[in-house]
Amino acid sequence: MSNLEETKPSLNFIEQIIEEDLSQGKHAGRVHTRFPPEPNGFLHIGHAKAITVNFELAQKYGGLTNLRMDDTNPSTEKTSYVENIKNDIKWLGFEWNGEVLYASDYFGKLYEFAIKLIKAGLAYVDDSTPEEIAEMKGEPTVPGKESPYRTRSIEENLDLFQRMKTGEFEDGARVLRAKVDMSSPNMHMRDPILYRIKHETHHRTGDDWCIYPMYDFAHGQSDSIEGITHSLCSLEFRHHRPLYDWFIEKLEIFPSRQIEFARMNVAYMITSKRKLLRLVDGGHVTGWDDPRMPTIAGMRRRGYPANAIREFCRRAGVAKRDNLIEIELLEYAVRNELNKIANRVMAVLDPVKVVITNYPEGQTEYLSIDNNPEDPDAGSREVPFSREIYIERGDFMEDPPRKFFRMGPGRNVRLKGAYILHCEDFVKDDAGTITEIHCTYYSDSKSGEDTSGVKAKGTLHWVSVEHAAKAEVRQYDRLFSVAEPTKEEDKDYLELLNPNSLEILDNVYVEPGLVNAKPGEQLQFMRKGYYCVDQESTAEHPVFNLTVSLKDSWAKSQKK
RNA sequence: UGCCCUGUAGCACAAUGGUAGUGCACCGGACUUUGACUCCGGCUAUAUCAGUUCGAUUCUGAUCAGGGCAUCCA
């Protein structure tokens, strides 16, 4: 292989299908996908994956993606969810084709499709009760029985279906079914229900209808109406595909193609709508946007950048096997993105006071510190330095081991952007807690103009006691203590909540400039982690959420 | 015990009828005014058994394992 030869880009199986279609000139080279949420809940990490796959696939091949609300069941859907969904998708950075679409826009068309099927002798009105229908459906290993109403005349079916529509019958009295094959090994082909009667007000069509199409009769036809070329869905719809294709064939409509891929599962996260709801209702989290929630809203509030979520979805890949993505991959993507965009600041989470005994009392110096070494355009800021500072309690050891590159009696250590300190002494209270550390500084060791020749292995972050602002910090950790809380045999997932998923620190000191940080702003607390300003934060009471901690190989090595 | 889908390192995704590669994770090292970042190196895999073939991870069959399918949900 020559050096000039490029390595072949590896394609996932959907891309392979698309490229094959393209090479055959199918659909005139058009690629059109769709994201079809039900407007009955909040979008979560699993949706983010589906959104990313659909939008980016279309993008890659110069195509479009529709946003279609799959609102065929009036019982569960609400308009209020629609706005949230739109907002989340926009926040993720995707733009859908044209206006938001609704499956309910096609109710008229779908009704005509049903009539067409009836006229072709391929659909019939069934008067059986739900129990009878279930009974006649048989079992996977046992063929079903044909309904006694299956042989009704086309005229009678037409009449009955018309009367279903006009509201003559009670909920559940009758259904419209496709006439396919009651002995099919595929349960979905055993005369699936097309329409059911529901005298309910729909969030968009109001009381125009009292019959509503089922998923199988609405989804594929909606795809077809919209000219969707590649209709991506999750694996459990594999069995629906023959039906999807059956409708296309019998109705003679645009041949959208359904392609199934495995939904993404993420360790320590759950995505079941009902289970998430129990977390909210049970007060185990503060709401749908609790930073511990796997919802888009929660991740946004946690400080996960949209770019990182998309990158994570990309890296998780697309295939057909069941998967459990390690949360480390998500955290990697988040750190990777934040490393590029987050300004560095100093915050002391667990403070202990240091007095620099040879520094003039009452003096304040403003030291210029780079905002982000990774980004030359990020500029710098002035940070006040004075005789008394706070450092992290964990950055001092009374009797440190050799490899501890931090502060200890008789040792030198650099203060980030400031001077090198020499630790002289420390003060303990009766309980043995260190209350104060005494140091001297090398006045010629100022950052950037150090002529002291003094060596200091470690660098600490700090804030000036006099100038620091007090803040609240919310330390978030994974919501569950096991990777797959819903797969535990004898335990309810609520028993597996991580008791330490939130720890509130209320004795935190931050650089004075941070009181002006705006909600949503993302920062790196040097040597600690990435944080974002919470929406509840104010100048008087700044609140920061831990997005993800920095890697800490020292702490890791200490655990061994 | 019917049908369908899926088995490649700890996790995920590639590849090819002819050397199994990438990312994350992990381990080691370099660098470092963030024990971060970055850089360098290392680690471990084709479920099993047969068949076809000069050669199989790839094709075929069987076995095993995991998942899915019987809402008037989507």
Side-chain angles (χ1 to χ4, degrees), chain A residues 7-12 36-38 40 70-73 75-76 103 126 128-130 133-134 137-144 171-177 184-188 190 193-198 211-212 214-216 218-219 233-242 260 262 264 267 273 312 314-333 335-336 339-340 344 346 369-370 373-374 403-406 413-418 420 445 447-448 450 456-461 483 524-529 549-557:
Chain A
T7 51
K8 276 186 240 161
S10 73
L11 302 176
N12 67 48
E38 291 174 74
N40 70 350
D70 215 342
D71 57 351
T72 57
N73 186 349
S75 318
T76 55
D126 195 334
S128 308
T129 65
I133 288 177
K137 205 138 211 189
E139 280 174 45
T141 54
V142 181
D171 283 10
R174 288 182 162 84
V175 291
L176 183 73
R177 299 178 74 177
S184 170
N186 181 346
M187 299 296 287
H188 295 278
R190 322 246 263 225
I193 293 170
L194 270 28
Y195 269 92
R196 76 280 216 189
I197 300 171
K198 268 180 186 268
I211 54 171
Y212 292 95
M214 299 290 290
Y215 167 84
D216 282 308
H219 197 98
C233 61
S234 50
L235 253 28
E236 71 258 34
F237 290 98
R238 173 65 186 83
H239 307 267
H240 297 247
R241 194 165 80 211
E260 312 87 21
M264 178 178 73
K273 224 171 270 178
F312 167 64
R314 264 179 232 127
R315 285 173 182 264
V318 174
K320 296 178 84 161
R321 28 179 143 147
D322 295 329
N323 60 74
L324 180 68
I325 313 293
E326 292 175 335
I327 199 150
E328 285 81 358
L329 186 63
L330 211 205
E331 294 179 340
Y332 164 81
R335 287 191 188 102
N336 199 32
N339 180 46
K340 289 185 274 188
R344 275 62 169 168
M346 294 192 286
I369 300 181
D370 283 347
E374 304 282 330
K403 282 195 184 162
F404 187 76
F405 303 151
R406 305 177 187 182
V413 69
R414 159 76 64 185
L415 292 181
K416 176 68 189 179
I420 295 176
S445 67
S447 185
D450 184 355
K457 178 75 179 164
T459 302
L460 306 187
H461 60 282
Q524 185 198 95
F525 286 178
M526 294 196 81
R527 304 207 306 132
K528 282 294 167 187
S549 65
L550 249 28
K551 283 208 201 171
D552 189 347
S553 59
W554 167 248
K556 187 185 270 187
S557 69

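From a predicted model like this one, the values you see are computed outputs, not experimental measurements. Chain letters run A, B, ... following the sequence lines, proteins first and then strands; every chain starts at 1.
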Worksheet, complete the sentence: Those residues at least two apart in sequence (or on a different chain) that pass side-chain contact (heavy atoms from CB on, under 4.5 Å) with A:Ala418 are A:Leu367, A:Phe385, A:Leu415, A:Trp462
Worksheet entry | C1' atoms of B:C31 and B:C13, separation to the nearest Å | 31 Å
Discussion item. Applying a 4.0 Å non-hydrogen cut-off, can you work out what A:Ser447 is touching in the nucleic acid: base, sugar-phosphate, or nothing?
Written reply: base
Worksheet entry | Interatomic distance at P, B:A25 relative to B:C37, whole Å | 9 Å
Fill in: Whole-angstrom distance between B:U71 and B:A14, as gauged at atom P
33 Å
Worksheet item: Going from CG on A:Leu550 to NZ on A:Lys528, what distance comes out if it is rounded to the nearest 0.5 angstrom?
Response: 9.5 Å
Worksheet entry | Whole-Å distance separating the CZ atom of A:Arg241 from the P atom of B:C5 | 9 Å
Discussion item. A:Arg196: which residues meet the side chain to side chain donor-acceptor pair (under 3.5 Å) condition with it, sequence neighbours left out?
Written reply: none
Discussion item. Please check: side-chain N/O of A:Arg190 versus main-chain N/O of A:Lys137, any donor-acceptor pairing under 3.5 Å?
Written reply: yes
Discussion item. Between P on B:C31 and CZ on A:Phe405, what's the gap in Å once rounded to a whole number?
Written reply: 12 Å
Worksheet item: How far does CG of A:Leu235 sit from CZ of A:Arg321, to the nearest 0.5 angstrom?
Response: 12.0 Å
Discussion item. Checking A:Asp171 now: which residues fulfil side-chain contact (heavy atoms from CB on, under 4.5 Å) with it, not counting sequence neighbours?
Written reply: A:Ile197, A:His199
Discussion item. Categorize A:Val318 for me: base, sugar-phosphate, or nothing, with a 4.0 angstrom heavy-atom threshold over every strand shown.
Written reply: sugar-phosphate
Worksheet entry | With sequence neighbours excluded, residues passing side chain to side chain donor-acceptor pair (under 3.5 Å) with A:Arg527 | A:Asp395, A:His461
Item to complete: Using atom CD of A:Glu331 as one end and atom P of B:C37 as the other, report the distance to the nearest whole Å.
Response: 13 Å
Practice prompt. Name the nucleic acid region contacted by A:Arg406, choosing base, sugar-phosphate or nothing; use a 4.0 angstrom heavy-atom cut-off, strictly under.
Written response: base
Discussion item. Less than 4.0 angstrom between a side-chain N/O of A:Thr141 and OP1 or OP2 of B:C3, yes or no?
Written reply: no
Worksheet item: What is the nucleic acid contact for A:Phe404, judged by heavy atoms within less than 4.0 Å: base, sugar-phosphate only, or nothing?
Response: base
Item to complete: Look at all strands and tell whether A:Gly448 reaches a base, only sugar-phosphate, or nothing, counting heavy atoms closer than 4.0 Å.
Response: base
Worksheet item: Which residues satisfy the side chain to side chain donor-acceptor pair (under 3.5 Å) test with A:Glu260, sequence neighbours excluded?
Response: A:Arg241, A:Gln258
Practice prompt. Verify whether one side chain among A:Ser184 and A:Asn186 offers a donor that lies under 3.5 Å from an acceptor in the other.
Written response: no
Discussion item. Over all strands shown, is A:Asn12 touching base, sugar-phosphate only, or nothing at heavy-atom distances under 4.0 angstrom?
Written reply: sugar-phosphate
Discussion item. Between B:C59 and B:G67, how many Å separate the two P atoms, rounded to a whole number?
Written reply: 25 Å
Practice prompt. For A:Ser557, enumerate each residue passing the side-chain contact (heavy atoms from CB on, under 4.5 Å) test, keeping only those at least two apart in sequence or located in another chain.
Written response: A:Trp554
Fill in: Atom pair distance, as rounded to whole Å: CZ in A:Arg238 and C1' in B:C3
10 Å
Item to complete: Going 5' to 3' through nucleotides 20-28 of chain B, assign each nucleotide B (protein heavy atom under 4.0 Å from a base atom), S (under 4.0 Å only from sugar-phosphate atoms) or - (no protein heavy atom that close).
Response: ---SBSSSS
Worksheet entry | Gap separating the OG1 atom of A:Thr459 from the CE atom of A:Met526, nearest 0.5 angstrom | 8.5 Å
Worksheet item: Of A:Asn339 and A:Lys457, whose nearest nucleotide on RNA chain B comes first from the 5' end?
Response: A:Lys457
Discussion item. What's the gap between B:A56 and B:G51 when it is taken at their P atoms, as a whole Å value?
Written reply: 11 Å
Fill in: Touch class at under 4.0 angstrom, heavy-atom based, for A:Gln524 against every strand present
base
Worksheet entry | Atom pair distance, as rounded to whole Å: CD in A:Glu374 and P in B:C39 | 11 Å
Practice prompt. Indicate the ring-plane relationship of A:Tyr215 and A:His240, choosing parallel, tilted or perpendicular according to the 30° and 60° boundaries.
Written response: perpendicular
Discussion item. With rounding to the nearest 0.5 angstrom, report the CZ to CD1 distance, A:Arg177 to A:Ile193.
Written reply: 6.0 Å
Fill in: Separation of A:Arg315 CZ from A:Tyr332 OH (nearest 0.5 Å)
4.0 Å
Fill in: Partners passing side-chain contact (heavy atoms from CB on, under 4.5 Å) against A:Val318 (at least two apart in sequence or in another chain)
A:Asn12, A:Phe13, A:Ile14, A:Lys49, A:Val53, A:Phe261
Discussion item. Looking at A:Thr459 and B:U34, is any side-chain donor or acceptor paired with a base atom of the opposite kind under 3.5 Å?
Written reply: no
Worksheet item: So what does A:Gly144 touch, heavy atoms closer than 4.0 Å: a base, only the sugar-phosphate, or nothing?
Response: nothing
Worksheet, complete the sentence: The nucleotide from B:A36, B:U34, B:C13 with an atom nearest the side chain of A:Met526 is B:U34
Protein-nucleotides 42-47 of chain B N/O pairs under 3.5 Å:
none

Worksheet item: On a whole-Å scale, what distance lies between the P atoms belonging to B:G68 and B:U1?
Response: 15 Å
Item to complete: Name all residues meeting the side chain to side chain donor-acceptor pair (under 3.5 Å) criterion together with A:Ser445; count only those two or more places apart in sequence or in a different chain, and write none if there are none.
Response: none
Worksheet item: Would you say the side chain of A:Arg321 and the base of B:U8 hold a donor-acceptor pair, judged only by whether the two atoms sit under 3.5 Å apart?
Response: yes
Fill in: Same-atom distance (C1') from B:A12 to B:U46, integer angstrom
15 Å
Worksheet item: Looking at B:A36, B:U34, B:G2, which one has an atom nearest to any side-chain atom of A:Arg344?
Response: B:U34
Practice prompt. Quick one: label A:Leu460 by what it contacts on the DNA or RNA (base, sugar-phosphate, nothing), any heavy atom closer than 4.0 Å.
Written response: nothing
Fill in: Annotated protein contacts, base or backbone, on nucleotides 67-74 of chain B with a non-hydrogen cut-off under 4.0 Å, one of B, S, - each
SBSB-BSB
Practice prompt. Round to the nearest Å and state the distance from A:Asn323 atom CG to B:A14 atom P.
Written response: 11 Å
Practice prompt. Find the distance A:Lys320:NZ to B:A14:P and express it as a whole number of Å.
Written response: 12 Å
Worksheet entry | Separation between the C1' atoms of B:A45 and B:U58, rounded to whole Å | 15 Å
Discussion item. Can a donor-acceptor pair be found, under 3.5 Å and without considering hydrogens, that links the side chain of A:Asp71 to the backbone of A:Ala103?
Written reply: yes
Fill in: Donor-acceptor pair under 3.5 Å, A:Arg527 side chain vs B:U34 base
no
Response to the item:
Applying the Watson-Crick and G-U criteria (both distances under 3.5 angstrom) with [ ] for crossing and | for other-strand pairs, one obtains for RNA chain B .((((((..((((....[..)))).(((((.......)))))....(((((..]....))))))))))).....
